[in-house]
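I have placed the structure first, in the form of structure tokens, so that the comments after it can refer back to it.
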Amino acid sequence: MKIIVVGTGFVGLTHAATTSEYGHEVYAYDIDAERIAAYQSAVPAQIERHVNEPGLAQVIAENINRYLFFTTDITDVIEGVDAVFLCTATPPQYNGSTDLSYYTAAANTLAALLAKRKDQRRVVIVNKSTVPIGTARYLEGILREHNVPNVGVASNPEFLPEGDAVEKSRKPDRVVVGADTEEDLRILRRIYSQFVNHVRIRYIETTPETAEGIKYVANTLLLTYISFWNGVGARLSETFPNVRMEDLKRGVTSDARISTWGSYVSNGAGGSCFGKDIQSLIYQFKSHGQPAHLLQSVYDINEYQKTYLIDRASREAGATFNQKTVALLGLSFKQRTNDMRDSSSLKVVEALLGRGVKAIRAYDPLAMHEARRFFDPEKNHLYEKISYHDSPREALAGSDMLFISTDWEEFRGLSGTIEKTVPPPYLIIDGRRMIPDYMELVKRGYGYLGVGSAYLAPSADAASVEAETEAAR
Ligand code: UDX
């Protein structure tokens with residue numbers, strides 16, 4: 001099949017590259033010439049400056065100029081195209097609604113070109129970015145205005161988690177396709193022939209509106225799991241003595257009906273999807289006169305979670321932040337990515353600066369370059385207080401307390417480094433429960449404040465420390 005992918009961010013680039021693996025002829029198109037030149041070079045470092053996804057550069061290198069082509073102009077490749085996937089950015093607006101301006105501009109450019117095709121075979125335009133319910137219908141209107149002949153619209157949402165995108169594209173849990181006609185469904189079946197009738201992968205065909213809805217319900221349900229565990233599970237263990245977070249999780253999720261996904265308690269979920277999608281769905285409900293209390297609470301809990309440890313540190317540990325130096329480990333929204341969009345670390349930095357810290361010593365294995373962009377001193381002179389370091393040890397050196405914001409595996413063995421680098425009394429604020437042997441540190445005079453744990457003061461009496469240590473074993 002001849003396929004055009006419009007927009008080459010995380011979604012578009014991954015989709016174009018992994019679809020080309022199946023022998024389709026794929027043209028990845030973007031108006032950003034710098035991006036296209038980087039992808040066309042097939043040099044991993046160049047590609048990863050734009051989309052840093054494990055294995056993706058290799059897929060590109062294997063298929064480029066055979067099945068996969070990059071271009072800033074689709075005028076010459078529009079003839080004979082079977083499907084166009086729209087993967088443009090759909091950022092949130094101040095009121096939570098989705099900004100469709102990039103999408104609309106791309107759809108208009110495309111429609112004008114499609115209207116002039118000589119070959120008038122059936123072409124289907126597919127929405128792959130997350131777009132509000134009804135956007136396929138809106139697209140239909142744009143195509144009609146341009147008098148595009150023999151065209152159909154479809155919705156085929158993308159469910160890829162960052163960091164696992166290549167793997168998950170090859171083995172998705174399900175493929176959802178919403179279209180109006182058998183003809184359009186047939187085109188998509190040919191594109192995804194490797195998944196149709198697959199024993200494990202569900203291939204779901206439905207209406208465009210249902211497909212659009214599936215994406216919003218799936219993402220907001222996933223965030224609901226996380227907010228449930230953060231707002232109920234973690235809170236329980238923080239409030240009542242002797243409630244052990246790990247045992248609580250095991251006890252609850254042993255029920256086959258209850259998901260284990262989402263039970264990993266944290267200082268909030270970030271990323272390009274969850275926050276944006278839940279705000280958009282709330283907006284969509286409200287604009288149809290529907291209440292959205294549950295979603296609003298889920299969203300509020302997640303936002304609260306991003307900085308509540310700083311409040312707890314003041315309240316429970318008596319910490320003062322004014323003129324203190326804080327080591328901040330982890331800047332990306334989760335491990336194995338350099339992506340900082342909606343990352344908890346963004347709010348943590350604002351909260352720390354708001355409390356008058358003297359300095360923030362930051363470290364992240366991948367996101368330092370991104371961080372410098374987000375915390376540009378030209379935008380806010382307070383960002384001058386942030387310094388970037390090459391290792392956790394360097395970030396810790398000379399700090400008064402530690403805040404762990406991302407679940408990078410390398411932070412798990414941190415207790416030895418802490419002991420060697422910063423003497424007690426010292427407060428460890430753990431937003432990701434990354435220090436399993438925290439009781440050892442408490443015994444040695446460190447204070448520990450983690451998500452899902454009551455504050456453990458360095459002066460904790462020996463008996464309770466021993467009991468906790470025994471339980472942790
Ligand atoms: C998510 C969805 O998983 C994916 O299906 C959708 O298409 C896009 O949004 P992604 O944003 O890449 O993918 O990340 P995900 O792995 O789901 O994690 C999102 C955030 O939740 C991260 O900050 C992560 O650390 C956090 N999280 C995840 C938790 O705090 N607890 C958990 O149990 C799981």
Side-chain angles (χ1 to χ4, degrees), residues 9-12 14-15 51-54 56 87 89-90 92 127-131 156-169 171-176 211-212 214-234 245-246 248-249 252-253 258-281 298-299 301-306 308-309 330-348 364 366-367 404-409 411 430-434 450-452:
F10 164 73
V11 175
T14 308
H15 182 59
V51 179
N52 196 327
E53 195 56 44
L56 187 57
C87 305
T90 49
N127 284 336
K128 193 136 197 77
S129 317
T130 307
V131 285
N156 168 223
E158 163 283 319
F159 300 96
L160 302 174
E162 286 187 32
D164 288 322
V166 171
E167 192 56 22
K168 273 282 182 194
S169 296
K171 290 188 204 130
D173 296 324
R174 79 306 216 174
V175 175
V176 174
E212 289 163 346
I214 287 171
K215 176 65 192 261
Y216 280 105
V217 175
N219 264 3
T220 53
L221 181 56
L222 291 174
L223 185 57
T224 303
Y225 286 148
I226 296 173
S227 279
F228 185 88
W229 275 104
N230 280 337
V232 179
M245 190 63 231
E246 309 312 326
L248 183 74
K249 254 166 69 166
V252 174
T253 59
I258 296 176
S259 157
T260 48
W261 195 96
S263 65
Y264 165 50
V265 295
S266 65
N267 61 322
S272 62
C273 293
F274 284 159
K276 177 178 83 141
D277 292 353
I278 197 162
Q279 288 181 82
S280 173
L281 191 54
V298 168
Y299 175 76
I301 290 166
N302 193 49
E303 290 307 300
Y304 170 79
Q305 202 70 10
K306 290 177 179 175
Y308 87 119
L309 285 172
L331 297 162
S332 58
F333 83 95
K334 67 173 185 183
Q335 57 167 322
R336 304 204 300 139
T337 178
N338 65 342
D339 197 341
M340 281 183 63
R341 282 176 291 176
D342 210 16
S343 176
S344 301
S345 69
L346 297 171
K347 279 205 154 179
V348 169
D364 187 286
L366 271 189
I404 302 175
S405 188
T406 312
D407 51 341
W408 285 103
E409 280 305 317
F411 298 158
D430 187 353
R432 295 281 179 161
R433 296 184 70 81
M434 293 308 285
V451 177

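This one's a predicted model, so the numbers in the text were calculated from it and none came from an experiment. First listed ligand is number 1; within each ligand, the first listed atom is number 1.
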Residue Glu158 vicinity, atoms of ligand 1 by number, heavy atom under 4.0 Å: 7 (O)

For atom 5 (O) of ligand 1, closest protein heavy-atom neighbour: Phe159 O, 2.8 Å

Evaluation steps, side-chain contact (heavy atoms from CB on, under 4.5 Å), between Glu162 and Ser272: CA-CA 9 Å; Glu162 286 187 32; Ser272 62; 3.6 Å; yes

Protein heavy atom at shortest distance from atom 14 (O) of ligand 1: Lys334 NZ, 3.1 Å

Atom 6 (C) of ligand 1 - nearest protein heavy atom and its distance: Asn219 OD1, 3.4 Å

Within-cut-off N or O pair, Pro161 and ligand 1, under 3.5 Å: no

SB check Asp173 Lys168 (cutoff 4.0 Å): yes

Protein contact to atom 21 (O) of ligand 1 [nearest heavy atom, distance to 0.1 Å]: Ala269 CB, 3.1 Å

Exercise: identify the closest heavy-atom pair between Thr406 and Lys334: CG2-C, 3.5 Å

Single hit among Val348, Leu346, Asp364 for side chain to side chain contact (heavy atoms under 4.5 Å, CB included) with Leu331: Asp364

Per-residue contact class, Leu160 against ligand 1 - non-hydrogen pairs under 4.0 Å: backbone

Atom 9 (O) of ligand 1 - nearest protein heavy atom and its distance: Cys273 CB, 3.2 Å

Exam field: side chain Thr220 to backbone Tyr216, donor-acceptor pair closer than 3.5 Å: yes

Identity and distance of the protein heavy atom lying nearest atom 27 (N) of ligand 1: Ile226 CD1, 3.5 Å

Heavy atoms of other groups near Phe228 CZ, more than 12 under 6.0 Å: no

Qualifying residue for side chain to side chain donor-acceptor pair (under 3.5 Å) with Arg336, from Asn52, Asp407, Asp164: Asp164

Step-by-step side-chain contact (heavy atoms from CB on, under 4.5 Å) determination, Thr337 to Phe10: CA-CA 11 Å; Thr337 178; Phe10 164 73; over 6 Å; no

Atom 32 (C) of ligand 1: the protein heavy-atom neighbour that sits closest, reported with distance to 0.1 Å: Tyr264 O, 3.6 Å

Ligand 1-proximal atoms of Arg432, by part, heavy-atom distance under 4.0 Å: side chain

Heavy-atom donor-acceptor pair, Asp339 side chain to Gly271 backbone, under 3.5 Å: no

Gly262 neighbourhood, listing ligand 1 atoms whose heavy-atom distance to it stays under 4.0 Å: 32 (C), 33 (O)

Side-chain donor or acceptor of Ser227 paired with backbone N/O of Val298 under 3.5 Å: yes

Ser263 contact mode with ligand 1 (heavy-atom cut-off under 4.0 Å): backbone

Close approach of Lys215 to ligand 1, heavy atoms, under 4.0 angstrom: yes

Residue pair Lys347, Asn267: steps toward the side-chain contact (heavy atoms from CB on, under 4.5 Å) verdict: CA-CA 10 Å; Lys347 279 205 154 179; Asn267 61 322; over 6 Å; no

Region of Ser266 engaging ligand 1 - heavy atom pairs below 4.0 Å: side chain

Closest protein heavy atom (residue, atom, distance) for atom 23 (O) of ligand 1: Phe333 O, 2.7 Å

Phe274 contact mode with ligand 1 (heavy-atom cut-off under 4.0 Å): side chain

Geometric N/O contact Glu162 with ligand 1, under 3.5 angstrom: yes

